[in-house]
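What follows is a single structure, written as structure tokens, with notes after it.
Sequence lines set the chain letters: A, B, ... in the order given, protein chains first and strands last, and positions in each chain run from 1.
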Amino acid sequence: MSDATPRDFIRQIIHDDLESGKHDRIVTRFPPEPNGYLHIGHVMSICLNFGVAEETGGLTFLRFDDTNPGKESEEYVQAIERDVKWLGFDWEDRLTHASDYFDQLYAFAEQLIETGAAYVDSLSAEEIREYRGTLTEAGKNSPYRDRSIDENLDLFRRMRDGEFADGAHLLRAKIDMASPNMNLRDPALYRIRHVSHQHTGDKWCIYPMYDFAHTMSDALEHITHSLCTLEFEDHRPLYDWLLDRLQPEHRPRQIEFSRLNLAYAITSKRRLNALVEDGTVTGWDDPRMPTIAGMRRRGYPAEALREFVRRGGVTKKDKLIEMAAFETCVREVLGDVAERRMGVIHPLKVVLTNYPEGQVEMMQASNHPNRPELGERAVPFSGELYIERDDFMEDAPRKFFRLKPGGEVRLRNGYIIRCDEVIRDASGEITELRCSYDPDTRSGTGTSDRKVKGTIHWVSAAHAVPAEVRLYDRLFASPDPNSAEDFMQELNPQSLTTVTAMLEPALADLAVGEPVQFERVGYFCVDSADHSAAKPVLNRIITLRDSWAKIEKQAMA
RNA sequence: UGGGGCGUAGCCAAGUGGUAAGGCAUCGGGUUUUGAUCCCGUGUAUCGCAGGUUCGAAUCCUGCCGCCCCAGCCA
């Protein structure tokens, strides 16, 4: 499906660096912090980092940026590995952690101290904030800024050895407290944190900060291009400052691109976590979540996610991409791979009054109209069927091509039927339609060449497999919940509707990960968490495009 | 009000001085036993605004406006 990958500004830089001989081979990295699940925004970073390496015969590391113990966990690292793999990328033996480099990082820190480029500060957190100044006022130097190298080294070693409590001291880079760039006002390099780490246990009680750990990990892994999002643009001067002071053998280059935001979705780990915590959704993998885990469970194909970010491109402009762009990718992939079946989501009983009592016919149905190689299947047909409630209308407008009193429709892969009588219950609700069929109109074999405007799907009542089907709608009611004051107020109360559907028998043994199309309705898959043969549970991945809905809408207006 | 970015049609996005690709959406139409798919066609884009340079500018210069990010011992 993807044509040649477009050459964006990053691929252009990489191409030039290869061409000029600056690098023989490019090395990238995808560096998530294991403090939450990956979401649609990360998909772009993953595809970019692994993508440019794949395209140029380079290498990519999956590196866990685990420098903040206490907020990170093994559950998240496993989820991240699973998600990256599912997306279709392979890091081979290049799975690393920033914590793998703690010894080397520590040595780099001492080197900074020895060259007078870093010092141990003993101000409190609040004091440091005060000394930092504001966006428009310069900060001022800490009274500890001019400690001797020996004193700094001694203090830093004692920090490492656990002699001080959390917050007592802080290793800072000595740059410029008056810099207009806040990141250069003597940024923190190492803080004391008496917490055990998921990987290094209690070996350390001081942990490196992001800027320091990230920059030097990149250098240690010989990363050539460190691709990150726009909010780190202000950090690049610090990134380069560290490389200038420490002069590692390999010098990486940081390049920033804009994040991808999807309309009607949220991509903030904090907010996603809030939805999980308060039970708004059933978990990080709730099929309504924009997490990779949620989208996988929902049934969105990995290829659709990759194609979606590919189409979006890589730029520096803030994007808020419409849902429709994503949904088109999903439908394109599914339309091609999903076999066709019949399933009735909102059943309405139809009795064929002139159909031979007790007769059952097996109707041949194509598994995919555009791919005959996928073969056919037999679907049982009988005198009692279910059709979709929406496919019958009592006071139908002229352009309604489906069933109406006295009107005719074709039953897909079956016969043409006419609606003779509408049966209601005491409350006036329609409970059944009495129809007659024309035996001469059987699909494929009928001798009649009668044409009717509409074709609807059906399931034989006696053979139907009842199933719980979860119908999803967007989680948020507004297009930009990310920038809403209170995103919880933007939730769509109709994001999940559960119905009991009637499915054709072939659907009884649908496997996990195998999407199908219910003709005229949408794409569905078995729910990987809740489904069982005894109690089937399916998810609606996405509806089919529905131009009738548009016509109806226009008629209303 | 300091610094760093970004501004091409409703949403994305090519374009790097020679007179505005493409995708999605929209709106028409054709095919169709899925109102799906598929196929055609459909956009006066004052290239944020205003000046300037040039034979010629979305592309260069100047000024202005708008939006995003930065004051964690988070990443």
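If you take atom P in B/A20 and the same atom in B/A57, they sit 12 Å apart, rounded to whole Å. The gap from the P atom of B/U32 to that of B/A45 amounts to 36 Å, rounded to the nearest Å. For the P atoms, the distance linking B/U59 with B/C49 amounts to 10 Å, nearest Å. On the P atoms, B/G51 is 26 Å away from B/C11, given to the nearest whole Å. Of the C1' atoms belonging to B/A9 and B/C24, the separation is 13 Å, rounded to the nearest Å. Nucleotides B/A58 and B/U8 place their P atoms 15 Å apart, quoted to the nearest Å. B/A13 and B/G23 have their C1' atoms separated by 8 Å, with the value rounded to a whole Å. Nucleotides B/G66 and B/U1 have their P atoms positioned 9 Å apart, rounded to a whole Å.
For A/Lys399, counting side-chain heavy atoms from C-beta on, the closest listed nucleotide (B/G35, B/G72, B/C74) is B/G35. Checked against B/A36, B/C70, B/C69, the side chain of A/Leu135 finds its nearest nucleotide in B/C70. Taking the side chain of A/Ile128 as heavy atoms from C-beta on, and the options B/U34, B/C73, B/U33, the nearest nucleotide is B/C73. Taking the side chain of A/Asn68 as heavy atoms from C-beta on, and the options B/A75, B/A25, B/A36, the nearest nucleotide is B/A75. Here B/U33 is the nucleotide among B/A71, B/U33, B/C74 with the atom lying nearest to any side-chain atom of A/Arg410. When the nucleotides B/C70, B/G3, B/U34 are ranked by their closest atom to the side chain of A/Pro180, B/G3 comes out on top. Candidate nucleotides B/G35, B/U34, B/C73 were compared by shortest atom distance to the side chain of A/Phe401, and B/G35 ranks first. Side-chain atoms of A/Arg340 lie closest to B/A36 of the nucleotides B/A36, B/C70, B/C73.
Atom P of nucleotide B/A36 and atom CG of A/Asp391 are separated by 14 Å, given to the nearest angstrom. Taking atom NZ of A/Lys451 as the reference point, atom P of B/U32 lies 7 Å away to the nearest angstrom. To the nearest angstrom, C1' of B/G72 lies 15 Å from CG of A/Leu123. Atoms CZ (A/Arg412) and P (B/U32) sit 14 Å apart, rounded to a whole Å. Rounded to an integer number of Å, the gap from CZ of A/Phe212 to C1' of B/A75 is 16 Å. Whole-Å rounding puts the A/Asp546 CG to B/A36 P distance at 8 Å.
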Item to check | Candidate pair A/Leu155 and A/Tyr144, rule side-chain contact (heavy atoms from CB on, under 4.5 Å), full reasoning | outcome: CA-CA 12 Å; A/Leu155 249 15; A/Tyr144 303 100; over 6 Å; no

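When both distances must be under 3.5 Å, the Watson-Crick or G-U wobble mate of B/U26 does not exist. Nucleotide B/G56: unpaired (no Watson-Crick or G-U wobble partner with both distances less than 3.5 Å). When both pairing distances are held under 3.5 Å, B/A45 makes no Watson-Crick or G-U pair with any nucleotide shown. Using Watson-Crick or G-U wobble geometry with both donor-acceptor distances under 3.5 Å, B/G7 finds its partner in B/C65.
Between A/Tyr300 and A/Phe326, the ring planes are perpendicular. Angles over 60° get that label, and only those under 30° would be called parallel.
Under the stacking definition used here (centres under 5.5 Å, planes under 30°), the residue A/Trp548 qualifies as stacked on the base of B/G35.
Judged by distance alone, with hydrogens and angles left aside, A/Arg129 brings no side-chain donor or acceptor close enough to the base of B/G72 to form a pair under 3.5 Å. Within 3.5 Å, no donor on the side chain of A/Arg520 pairs with an acceptor on the base of B/U34, nor the reverse. Residue A/Arg331 places no side-chain atom within donor-acceptor reach of the base of B/U37, judged by atom type and a 3.5 Å distance cut-off alone.
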Checklist outcome for this item: Each nucleotide of nucleotides 4-17 of chain B classed B (base within 4.0 Å of a protein heavy atom), S (only sugar-phosphate) or -, in 5' to 3' order, makes SSSSS-BSSSS---

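The phosphate of B/U32 (OP1 or OP2) has no side-chain N or O of A/Thr455 nearer than 4.0 angstrom. Note on A/Arg63: every side-chain N or O is 4.0 Å or more away from OP1 and OP2 of B/A75. Within the structure, a side-chain polar atom (N or O) of A/Arg191 is placed less than 4.0 Å from OP1 or OP2 of B/C74. In this structure, A/Arg259 does not reach the B/C69 phosphate: none of its side-chain N or O atoms is under 4.0 Å from OP1 or OP2.
Checked against a 6.0 Å centroid threshold, the rings of A/Tyr190 and A/Phe156 count as neighbours. Between A/Tyr210 and A/Phe232, a ring centre-to-centre spacing shorter than 6.0 Å is recorded. Annotation: A/His197 is in aromatic contact with A/Phe102 [ring centroid separation under 6.0 Å]. Aromatic rings of A/Phe108 and A/Phe212 (six-membered ring for Trp) have centroids beyond the 6.0 Å cut-off, not under it. Close placement of the A/Tyr415 and A/Phe381 rings is indicated, their centers lying within 6.0 Å of each other. Remark: aromatic rings of A/Phe400 and A/Trp548 are close, center separation under 6.0 Å.
Nucleotides of RNA chain B nearest to A/Asn183 and A/His214 differ in position, and the one nearer the 5' end is that of A/Asn183.
Between A/Leu260 and A/Phe308, the closest side-chain pair of non-hydrogen atoms falls below 4.5 Å.
Between the CG atom in A/Leu305 and the CZ atom in A/Arg310 there is a gap of 14.0 Å [rounded to 0.5 Å].
Judged by a 6.0 Å distance limit and a 45° cone about the ring axis, A/Arg474 is positioned over the six-membered ring of A/Tyr264.
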Show the distances under 3.5 angstrom between N or O atoms of the protein and N or O atoms of nucleotides 38-41 of chain B.
none

Protein-nucleotides 27-29 of chain B N/O pairs closer than 3.5 Å?
unit_1: B/C27; atom_1: OP1; unit_2: A/Gln554; atom_2: NE2; d: 3.3

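The 12-atom threshold is not exceeded at CG of A/Asp395, counting heavy atoms of other residues, nucleotides or ligands nearer than 6.0 Å.
Because its glycosidic torsion is more than 90° from 0, B/G7 is reported here as anti.
Of all the heavy atoms in A/Arg340 and A/Leu334, the pair that sits closest is NH2-O, 4.0 Å. The two residues A/Arg145 and A/Asp176 have their closest heavy-atom pair at NH2-N, 3.8 Å.
At a cut-off of 3.5 Å, with distance as the only test, a side-chain donor of A/Asp480 or A/Ser483 sits close to an acceptor on the other residue.
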